[in-house]
Amino acid sequence: MTEPSPRIRRSFFDRPTLEVACDLLGKRLVKLEQAGRLSGIINEVEAYIGAEDLACHARFGKTNRNRVMWGPPGFAYIYFTYGMHWLLNFVTERDHFAAAVLLRSLVAEEGVETMLQRRKGRHKNLTNGPAKVCQAFGLTGKDNALDLCSPRSTLFVENGIKVGPETIKATPRIGIDSVPEPWKSIPWRFTCQV
DNA sequence: AGCACGATGCTCT
DNA sequence: GAGCATCGTGCTT
């Protein structure tokens, strides 16, 4: 067996959210299950930064739903939306500052069989959307507030592939059409080639 | 390829 | 009561 790659440490997430977002591209999300490892290379993320950002859940202040975002960095903020979907975020920046990076897409590597079962055989669009990633990885509200940086954690981020900075594109965030400017158009969505 | 729509239930003013 | 950090289907170009 090969040595497990080390988990990304808390200091990585304890930085400006835009830096964390870009640096997450090319990293590998890993979940350890009884049946084995699930993993994929991150290729699309979005940044949500503080109460001033009117697209961010923190715009209403600290609530029961968003409380994890206000906590220390390196935790999973997983919330429910549209009556049926779960979305995974990585909490960033210092304790008491609400910011996070939404995981929007990854390229599945390990555990594809398990993901296919959960995605009902939809191999064509297996994990190319925030709710699809959670479905494939079996992430729900029970995983909210998981510590991604604990050595015991079954959900964490590893080093993955090198992403050429010149292939990273910044565009406006998705699904926030009713949010006022400048937040609606600010280019805080980051994508890259596998 | 792109748009419209319905599903479905939690969250917050 | 309104809106939602989405997805899959079905219909139109």
Side-chain angles (χ1 to χ4, degrees), chain A residues 13 16-25 27 29 38 40 42-71 73-93 97-108 112 114-146 148 155 157 168-192:
Chain A
F13 298 100
T17 303
L18 295 179
E19 291 180 19
V20 178
C22 288
D23 291 348
L24 276 169
L25 296 173
K27 295 260 185 310
L29 178 71
L38 305 181
I42 296 169
N43 66 346
E44 180 180 349
V45 296
E46 284 175 0
Y48 290 86
I49 312 176
E52 310 296 305
D53 175 5
L54 295 184
C56 181
H57 288 172
R59 67 188 179 278
F60 299 126
K62 192 173 182 177
T63 67
N64 186 59
R65 181 207 214 187
N66 69 25
R67 69 193 151 76
V68 178
M69 259 207 309
W70 295 84
F75 284 76
Y77 169 41
I78 300 178
Y79 70 89
F80 186 70
T81 192
Y82 291 108
M84 62 192 84
H85 296 306
W86 296 96
L87 276 62
L88 168 64
N89 300 254
F90 306 107
V91 175
T92 58
E93 309 208 29
F97 184 84
V101 174
L102 169 69
L103 174 56
R104 288 196 57 88
S105 175
L106 55 75
V107 178
V112 172
T114 299
M115 298 188 204
L116 275 169
Q117 286 178 9
R118 294 174 179 165
R119 295 277 302 125
K120 300 179 179 158
R122 293 177 167 110
H123 59 92
K124 195 158 188 166
N125 296 297
L126 189 59
T127 52
N128 63 340
K132 299 177 195 177
V133 171
C134 284
Q135 196 179 354
F137 276 68
L139 296 169
T140 66
K142 73 184 182 324
D143 303 301
N144 186 37
L146 273 184
L148 305 167
L155 182 68
V157 180
I168 297 179
K169 286 197 270 198
T171 56
R173 294 171 290 182
I174 302 296
I176 56 165
D177 289 346
S178 65
V179 168
E181 300 289 1
W183 310 110
K184 180 175 166 178
S185 301
I186 198 165
W188 285 356
R189 169 178 178 247
F190 303 98
T191 56
C192 70

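So you know, we letter chains A, B, ... as the sequences are listed, proteins then strands, and number each from 1. Computed from heavy atoms alone, side chains included, the values below leave out hydrogens, waters and symmetry copies. Quick caveat, the model's predicted, so the values are computed rather than measured.
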Return the set of residues passing side-chain hydrogen bond (donor to acceptor under 3.5 Å, both in side chains) with [X] (not counting sequence neighbours), or none when no residue passes.
X         : answer
Glu181(A) : Ser185(A)
Trp70(A)  : Asn66(A)
Glu44(A)  : Arg104(A), Arg189(A)
Ser105(A) : Asn43(A)

- Residues in ring-ring contact (aromatic ring centres under 6.0 Å, His included) with Trp183(A), at least two apart?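 Once residues adjacent in sequence are excluded, Trp183(A) has no partner under the ring-ring contact (aromatic ring centres under 6.0 Å, His included) criterion.
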- Output all residues satisfying ring-ring contact (aromatic ring centres under 6.0 Å, His included) with Phe80(A), sequence neighbours left out; order by chain, then residue number.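 Trp86(A).
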- Is a side-chain donor or acceptor of Asp143(A) paired with a backbone partner of Thr140(A) at a separation under 3.5 angstrom?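 Present.
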- Task: Tell me, please, which residues at least two apart from Gln117(A) pass side-chain contact (heavy atoms from CB on, under 4.5 Å).
- Result: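 Checked Gln117(A) against side-chain contact (heavy atoms from CB on, under 4.5 Å); zero matches.
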Report, one line per pair, each donor and acceptor closer than 3.5 Å where one atom sits in a side chain of residues 120-130 of chain A; sequence neighbours left out.
unit_1	atom_1	unit_2	atom_2	d
Asn125(A)	OD1	Asn128(A)	ND2	2.9
Thr127(A)	OG1	Leu106(A)	O	2.6
Asn128(A)	OD1	Lys132(A)	NZ	2.9

- Query: Which residues satisfy the salt bridge (charged side-chain N to carboxylate O under 4.0 Å, His left out) test with Asp53(A), sequence neighbours excluded?
  - Reply: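 Per chain and number, Asp53(A) pairs via salt bridge (charged side-chain N to carboxylate O under 4.0 Å, His left out) with Arg173(A).
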- Pairing stems for DNA chain B [at least three consecutive pairs; Watson-Crick or G-U; under 3.5 angstrom]: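 Runs of three or more consecutive pairs: B:1-7 with C:6-12, B:9-12 with C:1-4.
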- Expected string for nucleotides 1-7 of chain C under the B/S/- scheme (protein heavy atoms, under 4.0 Å, primed atoms plus P, OP1, OP2 as sugar-phosphate) is ---BBBS
- Please find the earliest and latest nucleotides of DNA chain B, in the 5' to 3' direction, that have an atom within less than 4.0 Å of any heavy atom of chain A.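 In short, chain A contacts DNA chain B from dA7(B) to dT13(B).
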